[in-house]
Student: 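Supplied in structure tokens, the structure appears directly below.
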Amino acid sequence: MTHRKPYVGGNWKMNTDGASGAELATAVAVALETEHSVDIAVFPPFPYLAGIGTLLRDRGSTVLLGAQDVSDQPGGAFTGEVSAAMLLDCGVKTVLVGHSERRHVIGEPDALLNAKAKAALAGGLDVVLCIGETLDQREAGETDEINERQARAGLAGIPAADMPRVTIAYEPVWAIGTGKTATPDDAQNAHAQIRRVLADLYTPEVAGAVRIQYGGSVKPANAAELFSCPDIDGGLIGGASLKATDFAAICHAAAAAPAL
Ligand code: PEP
């Protein structure tokens, strides 16, 4: 079986300012300077990307710079949008696509998210495709169906050759920012099912190599248990990523998870 290196991302959402973002990025880089057994990314707000990219590069940090969104268009008359090429220019390596706040608060549909994923990959960025069910969908027993639909739609037309640059983040919407976390068993079941969908879409080998992060109120106290599940390959962290010591503890928990 392919070894999957754990991967932890910190989604800062619309938090920090120039000074506190630089301070947080520096503290994360310092705290994780010697943590080489996990891939780590931070996703600051757009205006701070270039500055934080420079800061990380000047420190020689292995922490990757990520963006929270990307346009599906390469350029032109799209006021307010930010293209993959612009992000790349700022030192960005990876981008979130389909975070639940973009799906459910801003209302981005599957077809747009698929176009964004393709634009990001074509522009040289890696992609973290976020999927997950709402509380109503979970209570209706539709978790696997929703994850399958969002994964198939989000990945439509993306060839197997690009899949090493794609990570899936399974984030049950009801667990994001609420303090509620899926039980390790529930999360593992959802991840295993998502991997079966990937095997069907591609091959078992491709599916076995794709990292699937868990997201939803992960904190230092619950990270180790979640990350010890065989199909959970790290996490996408919101609230706890705003405190460098908590984020570092979560990254260390991912590094310490039993090897796959
Ligand atoms: C997220 O924003 O992707 C997230 C999982 O947030 P939180 O960790 O705060 O639930």
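Hydrogens, waters and symmetry mates are skipped; everything else that's a heavy atom, side chains included, is used. Indexing begins at 1, ligand by ligand and atom by atom, following the structure's order.
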Student: For the 3.5 Å polar cut-off, considering only N or O atoms, please tell me whether G177 and ligand 1 meet it.
Tutor: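 Yes, at least one N or O pair falls under 3.5 Å.
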Student: Would you call K13 a ligand 1 contact, heavy-atom distance under 4.0 Å?
Tutor: yes
Student: State, with a plain yes or no, whether a side-chain heavy atom of T16 is found less than 4.5 Å away from one of P45.
Tutor: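 Yes, at least one pair of side-chain atoms sits under 4.5 Å.
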Student: For E35 and S37, test the side chains for any donor-to-acceptor distance below 3.5 angstrom and give the result as yes or no.
Tutor: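 On atom types as modelled, these side chains qualify, holding a pair under 3.5 Å.
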Student: Return the closest protein heavy atom for atom 5 (C) of ligand 1 as residue, atom name and distance.
Tutor: E171 OE2, 3.0 Å
Student: With a sphere of 6.0 Å drawn around NZ of K93, does it hold more than 12 non-hydrogen atoms of other residues, nucleotides or ligands?
Tutor: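 Atom NZ in K93 is not packed in, count stays at 12 or less.
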Student: For atom 1 (C) of ligand 1, grab the closest protein heavy atom and report residue, atom and distance to one decimal in Å.
Tutor: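 The protein heavy atom lying closest is H99 NE2, 3.2 Å.
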Student: Under 3.5 Å, N or O to N or O, is I176 touching ligand 1 that way?
Tutor: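 It does not: no N or O of I176 is found under 3.5 Å from an N or O of ligand 1.
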Student: For E81, is the CD atom crowded, meaning more than 12 foreign heavy atoms sit under 6.0 Å from it?
Tutor: yes
Student: Answer yes or no: does an N/O atom from G216 fall short of 3.5 Å to an N/O atom of ligand 1?
Tutor: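 In fact, backbone or side chain, G216 has no N or O that close.
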Student: Is A175 close enough to touch ligand 1? Criterion: a residue heavy atom under 4.0 Å from a ligand atom.
Tutor: yes
Student: Has R138 got a side-chain atom pairing as donor or acceptor with E133's backbone, closer than 3.5 angstrom?
Tutor: no
Student: Should we count NZ of K243 as having more than 12 external heavy atoms under 6.0 Å?
Tutor: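 Open: at most 12 neighbouring heavy atoms sit under 6.0 Å from NZ of K243.
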Student: I'd like to check which ligand 1 atoms, numbered from 1 as shown, lie under 4.0 Å from a non-hydrogen atom of L236.
Tutor: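 This gives 3 (O), 5 (C) as the contact atoms.
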Student: Check the hydrophobic clustering (I, L, V, M, F, W, Y; side-chain heavy atoms under 4.5 Å; chains of links allowed) and say if L155 and Y170 are grouped together.
Tutor: yes
Student: I need the S20 OG to E23 CD distance, nearest 0.5 Å.
Tutor: 7.0 Å
Student: Can you list the atoms of ligand 1 that are under 4.0 Å from a heavy atom of S217?
Tutor: 7 (P), 8 (O), 10 (O)
Student: Pull out every atom of ligand 1 sitting under 4.0 Å from any heavy atom of G239, numbered as shown with elements.
Tutor: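 Selected atoms, number and element: 7 (P), 8 (O), 9 (O).
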Student: Quick test: of every protein heavy atom, which one is nearest to atom 8 (O) of ligand 1, and how far off is it to 0.1 Å?
Tutor: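 Residue, atom and distance for the closest contact: G238 N, 2.8 Å.
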